[in-house]
Amino acid sequence: MQMDPWSTRTIDYEKLFTDFGIDRIGKLDEILSGNPLFRRGIIFGHRDFYQWWNDFRNGKKVSILTGMMPSGPFHLGHKMVVDQLVFYQNLGIPITLAIADVEARTVRKKTPDEIREITVNYLTNYFALGLDPKKTDVYMQTSRSVPYYRLASLMAGKVTFAEMEAIYGTLSPGKIASALIQAADILHKQLDGYEGKHRILVPVGPDQDPHIRLARDLAERIGLIKPSSTYHIFMKGLDGQKMSSSKPNSYISLDEPIEDALRKVKNALTGGRISLEEQKKLGGEPDKCMIFSLYLYHFELSDEELDNRRRMCESGKLICGDCKKELLDRIEKWLVDIHAKKVKYRPIAEKMVDEMMDYPF
Ligand code: TRP
């Protein structure tokens, strides 16, 4: 059973539990249930999450590390990880963010100019969404320090080609380099040259689980604590299909003109019936509706309001036009605010990237 994080396939969530050994998120304490992503089951699975969380609750040292590959526009799908980082940062947990430029260059064949532009844009969005640039350790894979590279290269001797093929399927030199450097991302903070041994949580999408499995195996072989992870459900695209950077109409971007974003929402797939009459009789279908899922994932933080909206829809009292109109208003307000914040944060992101980017070719 392989799962290739670089090929875009749809995720079979059930298999993650049965074949890959991901555990379901279980009990939520009062802090975790304060977060809608946990409460609504959007963060659905994990590996050793509760060990990490208990260490945190017991006052032991813990931290968070995640990464992002600079490729494509920044959309609401990316926001889900940022929301999690902000949640943990507000609890006082140290956050490290790796920019996967090795992966972008070797696997996605992005040029240095593209990487600069996309990284500046991603970081600008991360900060506009509430991540504090002063409290986040941001680095690029090509510009970390010596112990990190020692770890990345020496781990090549701790795994066989067959094991890597079993995890990833077909490999290339670029993929092997990216996988080992991502394992170094996940593990290096436990080295003495950084923070020393402690539990680290890696919040990611389920497509990244192969990297988590490799890093956990390697951790055991080199005497580090196995990293913990959580996985969130990928929000569907506005058309009800897979959300994909190659289909601009499937996502709302935080980079595009607000009118464009709103037009896409207007055209999104709803759970409405063929006629108003039918809808009043049968009610709408919120679980098939992308407007409802936008409320669910991003734009309605109150469970009570969300339940109310579901009931009103299912009973045929709330019609799609009104429901959409309310969402459009919310999204417009929100985007105006985000765009203003982006103007403020862009110079900070530019400075960060300029200080990190240094390619020999
Ligand atoms: N591979 C990840 C992506 O495609 C980016 C990444 C690099 C990452 N290093 C990481 C994710 C470490 C989590 C942890 O976006």
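One-based numbering, in listed order, for ligands and for the atoms of each. The residues of the chain are indexed from 1 along the displayed sequence.
Under a cutoff of 6.0 Å and an axis angle of 45°, Arg24 and Phe17 form a cation-pi pair. For the pair Lys15 and Phe20, the NZ or CZ position fails the cation-pi test of under 6.0 Å to the six-membered ring centre and within 45 degrees of the ring normal.
Looking at Ser228 and Gln51, their side chains never bring a donor and an acceptor atom within 3.5 Å of each other.
Cluster membership for Ile291 and Leu276, using ILVMFWY side-chain heavy atoms within less than 4.5 angstrom, is not shared. Hydrophobic clustering (ILVMFWY, side-chain heavy atoms < 4.5 Å, transitive): Leu301 and Phe292 are in distinct clusters.
Contact record, Leu187 with Ala215: CD1-O, 3.6 Å, taken as the closest heavy-atom pair.
For ligand 1, the protein residues within 4.0 angstrom (heavy atoms only) are Leu65, Thr66, Gly67, Met68, Met69, Ala100, Glu103, Gln141, Gln182, Asp185, Ile186, Val202, Val204, Gln208.
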